[in-house]
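Take a look at the structure set out below.
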There are 2 protein chains.
Amino acid sequence: MDSSATVAVAEDKAVKGEKKKSARKPGRPKNNGKLKEKILNAAEIAFAEGGYTGISVRDIAERAGVNQGLIRYYFDTKEQLFDEVYKRRGGLLSGHRHVLLDRLLESGKPPQVKDIIRAYLQPQWDLKHSGEAGAAFAQLQSRLHSEPEEHALRLRKEVYDASVKRYIDVLAQALPQLPRRTIGLRMSFLVGTYMFMLNDLGRIEDLTEGKIHHLSKDEMLDNMVAFLAAGMEADRP
Amino acid sequence: MDSSATVAVAEDKAVKGEKKKSARKPGRPKNNGKLKEKILNAAEIAFAEGGYTGISVRDIAERAGVNQGLIRYYFDTKEQLFDEVYKRRGGLLSGHRHVLLDRLLESGKPPQVKDIIRAYLQPQWDLKHSGEAGAAFAQLQSRLHSEPEEHALRLRKEVYDASVKRYIDVLAQALPQLPRRTIGLRMSFLVGTYMFMLNDLGRIEDLTEGKIHHLSKDEMLDNMVAFLAAGMEADRP
DNA sequence: GTAATAATTCGTCATTCGTATAAATTCAAG
DNA sequence: CTTGAATTTATACGAATGACGAATTATTAC
């Protein structure tokens with residue numbers, strides 16, 4: 001959106017020439033283009049759409065408007081690019097969860113189950129509705145959680161385990177009648193539900209014959225919280 | 001396992017020659033080898049591990065012990081192979097769900113929510129624990145449900161929609177105080193939870209610090225049913 | 001100023017991919 | 001028997017892929 005003049009010149013030459021045209025010449029540019037971020041942003045959307053194996057480095061470079069070699073320059077390999085994409089926003093998300101939990105605990109009175117659950121869900125739900133990038137990350141997240149490969153597991157663990165375990169601790173205090181392992185198990189039920197909701201609105205439309213359509217972002221979250229809190233508090237089987 | 005004599009001869013030549021050796025000669029074999037099924041089985045496991053884009057036709061052919069061209073002969077394209085893999089077991093599964101629901105309804109008394117939910121979950125839960133192929137299909141299923149691509153959506157819809165809608169109808173009768181669209185929404189919460197559980201036992205171990213380890217297949221299902229039934233019956237938000 | 005370093009594009013290489021065609025062998029129908 | 005269809009391997013093709021080396025230009029340090 002910024003260097004429109006440069007682009008225009010490039011297009012002139014493209015018309016005179018033949019095929020593809022790159023927006024920059026080789027060599028270090030005068031105005032630092034913050035191209036690393038541009039690559040990360042493009043990769044986030046691309047990986048969300050096609051998954052790790054479904055997207056080529058060339059495709060990402062093209063979407064970012066950048067030469068393919070620059071990706072190697074900043075990230076070396078495709079895998080490291082993926083990891084950085086994931087950790088970038090995952091770290092923020094995990095941090096946000098910690099903050100909301102702190103805020104709940106500082107309020108004095110012991111938090112209710114539905115408040116704890118809401119605090120857990122809120123950050124990513126907001127992120128998902130914050131625009132294209134947030135929605136893409138939600139999608140990516142959902143993908144990674146159905147990936148059995150060792151590397152994907154490590155990545156998730158690294159980014160999320162600490163905050164999830166804190167939430168389990170707080171839930172355990174709010175539900176003293178339940179053994180901790182039951183709460184851990186139910187916490188992963190919860191994660192399953194909301195991972196699914198991060199990416200599956202098309203299918204929900206089908207199941208409800210379009211009747212869900214007008215549910216707003218907040219109403220949807222309210223519904224999720226009600227469902228999950230009831231499940232979390234259920235009598236043991 | 002059968003044509004061991006042929007294989008031995010082939011291996012002789014492999015030693016004399018250089019690299020790879022195929023177990024069969026060109027041309028129609030004497031004993032029909034049921035190779036189509038062997039391909040489907042190998043593809044099921046391969047796609048579960050690597051996803052559609054992560055697995056090559058060559059890889060599947062090798063796993064099946066079959067020439068690559070045979071896959072084209074039976075399935076034409078990679079995509080059609082994937083579809084057949086998915087529909088084969090998906091169709092059985094959907095059928096099984098219909099049967100269990102029929103049985104519930106025929107029993108005379110109105111079914112309880114937890115019975116309906118258990119009937120829905122049981123078939124795939126059994127399948128998942130029936131061996132390598134069942135587990136692979138569960139994994140595949142989980143993958144497909146995080147795939148945003150149009151084709152994946154159509155496939156799921158085609159295989160499952162009818163039975164899911166029947167379950168929603170029956171749940172609506174058991175829960176007259178809830179509007180149907182709430183039940184549809186909660187049904188997709190349910191699908192999310194159990195898709196996640198079909199593939200994520202590694203992560204659960206982490207969250208519960210190994211305390212889940214000794215939960216048997218049946219106990220795990222009981223826990224899921226208790227959680228989901230409570231959520232399904234929750235007061236509206 | 002000159003040298004080192006940072007950021008960028010370009011061209012290339014070996015490999016792998018999905019698909020396609022041809023050839024070989026066996027079975028079924030007449 | 002002969003012929004034609006069915007099942008199988010072998011080989012080839014062009015396109016795409018991830019990675020890499022080299023060239024080019026700007027900035028910073030001395």
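Letters A, B, ... are given to chains in the order of the sequence lines, protein chains preceding strands, and every chain is numbered from 1. Below, each value reflects all heavy atoms present in this structure, side chains not excepted, and no hydrogens, waters or symmetry copies.
Listed by residue number, there are no residues of residues 79-88 of chain A with a heavy-atom contact under 4.0 Å to DNA chain D.
Across the protein-nucleic acid pair, A/L35 atom CG and D/dT25 atom C1' stand 14 Å apart, rounded to whole Å. Distance, A/N67 CG to C/dT8 C1': 7 Å, rounded to whole Å. In this structure, A/R58 atom CZ and D/dC20 atom P are separated by 13 Å, rounded to whole Å. If you measure from atom CD of B/Q68 to atom C1' of D/dT8, you get 14 Å, rounded to the nearest angstrom. Between the NZ atom of B/K38 and the C1' atom of D/dT8 there is a distance of 13 Å, rounded to whole Å. Atom CG of A/D76 is separated from atom P of D/dG21 by 11 Å (rounded to the nearest Å). For A/Y52 and D/dT17, the OH to P distance is 13 Å, given to the nearest whole Å. The distance between atom CZ of A/F75 and atom P of C/dT8, rounded to the nearest whole Å, is 11 Å.
Residues meeting the side chain to side chain donor-acceptor pair (under 3.5 Å) test with B/N223, sequence neighbours left out: none.
For B/Y74, the side-chain atoms get nearest to D/dT7 when compared with the rest of C/dA7, C/dT19, D/dT7. Distance from the side chain of B/V57 is smallest for C/dG18 among the nucleotides C/dT8, D/dT7, C/dG18. In the set C/dT19, C/dC17, D/dG21, D/dG21 carries the atom at the smallest distance from any side-chain atom of A/R72. Nearest nucleotide to the side chain of B/K78, out of C/dA6, C/dG18, D/dA19: C/dG18.
In summary, A/R166 and A/D102 engage in a salt bridge, as defined by a charged side-chain N under 4.0 Å from a carboxylate O. At a threshold of 4.0 Å, the pair A/E149-A/R154 does not count as salt-bridged, since none of the basic side-chain nitrogens sits closer than that to a carboxylate oxygen. We find that B/E147 and B/R156 are not joined by a salt bridge, their nearest charged nitrogen and carboxylate oxygen being 4.0 Å or further apart.
Residue A/I55 is classed as a sugar-phosphate contact, given heavy-atom separations below 4.0 Å to backbone atoms only.
Taking side-chain N and O atoms only, B/Y73 has no distance below 4.0 Å to OP1 or OP2 of D/dT8. Phosphate contact (OP1/OP2 of C/dT16, side-chain N/O of B/S56, threshold under 4.0 Å): absent.
Relative orientation of the A/Y167 and A/Y120 rings is perpendicular, given thresholds of 30° and 60° on the angle between their planes.
Checked options A/Q141, A/E44, A/Q124; the residue passing with A/R89 is A/E44 (criterion: side-chain hydrogen bond (donor to acceptor under 3.5 Å, both in side chains)).
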- Query: Should B/H145 and A/N199 be marked as a side-chain hydrogen bond (donor to acceptor under 3.5 Å, both in side chains) after you check the CA-CA gap, both sets of side-chain angles, and the distance that decides it?
  - Reply: CA-CA 9 Å; B/H145 277 73; A/N199 106 93; over 6 Å; no
